[in-house]
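Below is one structure, written out as structure tokens; comments come after it.
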Amino acid sequence: KQLKNLYLADWKSWKGDFFDFIFDLTELQNLTIFRINFNESQELGDHFDRLPNLTSFTCQFTNLGGEIPASILKCKELKSLMLGQSKFTGDLLMELPDLEKLQTIDLSENLFTGEIPASYAKFGMNLGENSPRGTYTNLFLFGNCLTGEIPSAMLTCPMWSSAGLCWEPQTFICPQQSGYGFTNCK
């Protein structure tokens, strides 16, 4: 239960259920699940409230799916959420920007649907040395099934423009899966 870092990777086939034991590791700070093919379509458990010290969660190149568990919002120390190249679905969590320390968010190449919540503009606002988020934020939403318009606040914030230090919406947000996309992308 005192484990702080757990890295699970490169299993071609996992025949069991999702690793529910992870949620008993209450001191866990860094969790990586990378390139693991689960035998059946499975979802993450909704028990992240039991991981209050989690600062980094990576679950990439897996066939895990379902919606992002709402309990992830209880991880107030979370700085990095990397869920790219998996099979996550549903709407983007509107409250995700309320995680004040969250700097790196990769939700790319999944099956998310709907529109980008206007609240996601918060990821690019009020940054600086005194900000809990620090001086930068990276948000990757490309390769999903998102539609509608990119919220105007995201397009007018300096961090969300091509002039930003580490941001290019045409690359990191606009490209969606075939048949999807935003009406205000060039």
Side-chain angles (χ1 to χ4, degrees), residues 18 31-34 41-49 51 54-127 131-134 136-157 159-161 164 166-186:
F18 179 71
L31 172 59
T32 298
I33 301 168
F34 189 75
S41 203
Q42 294 192 37
E43 298 181 6
L44 292 173
D46 197 10
H47 307 290
F48 283 90
D49 54 324
L51 302 176
L54 195 65
T55 59
S56 175
F57 178 47
T58 299
C59 183
Q60 292 185 304
F61 296 98
T62 74
N63 62 341
L64 284 175
E67 296 184 1
I68 299 174
S71 63
I72 198 87
L73 299 172
K74 301 287 186 183
C75 298
K76 300 296 183 189
E77 300 301 314
L78 197 63
K79 293 180 182 179
S80 175
L81 179 63
M82 308 286 285
L83 303 179
Q85 290 102 357
S86 293
K87 300 205 184 265
F88 293 101
T89 61
D91 292 336
L92 299 173
L93 275 178
M94 186 179 352
E95 301 88 353
L96 199 58
D98 293 342
L99 292 173
E100 292 183 346
K101 296 181 180 180
L102 195 55
Q103 290 179 314
T104 302
I105 309 96
D106 183 356
L107 305 177
S108 66
E109 297 186 49
N110 278 286
L111 301 169
F112 291 111
T113 55
E115 297 185 0
I116 299 174
S119 61
Y120 276 48
K122 291 180 189 177
F123 283 128
M125 297 178 173
N126 302 319
L127 300 174
S131 169
R133 252 188 252 289
Y136 74 93
T137 303
N138 288 314
L139 175 63
F140 304 99
L141 296 176
F142 64 89
N144 282 290
C145 302
L146 299 171
T147 58
E149 289 190 351
I150 296 175
S152 60
M154 288 177 72
L155 297 174
T156 57
C157 175
M159 190 66 184
W160 302 104
S161 71
C166 56
W167 246 97
E168 178 57 55
Q170 294 297 327
T171 303
F172 299 126
I173 294 179
C174 290
Q176 295 294 305
Q177 292 185 26
S178 181
Y180 300 92
F182 305 104
T183 57
N184 57 346
C185 277
K186 296 175 185 175

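None of these values were measured; they are calculated from a predicted model.
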Within a strict 4.5 Å, meaning less than it, do heavy atoms of the L96 and F123 side chains meet? yes
Looking only at heavy atoms, which two atoms of L111 and N144 are closest? And how far apart? N-OD1, 3.4 Å
Return yes if some donor-acceptor pair links the side-chain N/O of S119 with the main-chain N/O of M94 below 3.5 Å, else return no. yes
One should read off an interatomic distance between Y120 OH and T137 OG1, to the nearest 0.5 angstrom, of 13.0 Å
Heavy-atom pair of closest approach, residues Y180 and L146: CB-O, 3.6 Å
Non-hydrogen atoms of C59 and S86 that approach each other most closely: O-OG, 3.3 Å
Could you tell me the separation between the CD atom of Q176 and the SG atom of C145, rounded to the nearest 0.5 Å? 7.5 Å
Main-chain N/O of G84 paired to E109 side chain as donor or acceptor, under 3.5 Å: no
Which heavy atom in P97 sits nearest to a heavy atom in K122, and how many Å separate them? CB-CB, 3.9 Å
For P69 and G45 the tightest heavy-atom approach is CG-O, 3.6 Å
Determine which pairs satisfy side chain to side chain donor-acceptor pair (under 3.5 Å) with at least one residue from residues 69-79, sequence neighbours left out, and list them in order. D46-S71, E77-K101
Test side chain to side chain contact (heavy atoms under 4.5 Å, CB included) applied to L44 and F57, step by step: CA-CA 12 Å; L44 292 173; F57 178 47; 3.8 Å; yes
Contact between N110 and T89 at the side-chain level, heavy atoms closer than 4.5 Å - yes or no? no
Let me confirm one number: the CG-CD1 distance from N184 to I150, rounded to the nearest 0.5 Å. 5.0 Å
Mind checking whether F88 and F112 have parallel, tilted or perpendicular rings, split at 30° and 60°? parallel
Distance in Å, T113 OG1 paired with E67 CD, rounded so as to fall on 0.5 Å steps: 8.0 Å
Assess whether atom CD of E100 is packed by more than 12 heavy atoms of other residues, nucleotides or ligands within 6.0 Å. no
Heavy-atom side-chain contact between I105 and N138 under 4.5 Å: no
Using a 4.5 Å cut-off on heavy atoms from C-beta on, say whether the side chain of D98 contacts that of L73. no
Contact between L78 and F48 at the side-chain level, heavy atoms closer than 4.5 Å - yes or no? no
Apply side chain to side chain contact (heavy atoms under 4.5 Å, CB included) to residues T55 and C75 and explain how you reach the verdict. CA-CA 8 Å; T55 59; C75 298; over 6 Å; no
Considering only heavy atoms from C-beta outward, does the side chain of L92 approach that of L141 to under 4.5 Å? yes
Inter-residue atom distance L139.CG - T104.OG1, 0.5 Å rounding: 10.0 Å
If you take all heavy atoms of L102 and S80, which pair is closest and at what distance? CD1-N, 3.7 Å
Calculate, to the nearest 0.5 Å, the distance between atoms CZ and CZ belonging to F142 and F172 respectively. 7.5 Å
Pairwise side-chain contact, L83 with D106, heavy-atom cut-off 4.5 Å (strictly under): no
Determine, stepwise, if the pair Q60 / F34 fulfils side chain to side chain contact (heavy atoms under 4.5 Å, CB included). CA-CA 5 Å; Q60 292 185 304; F34 189 75; 4.0 Å; yes
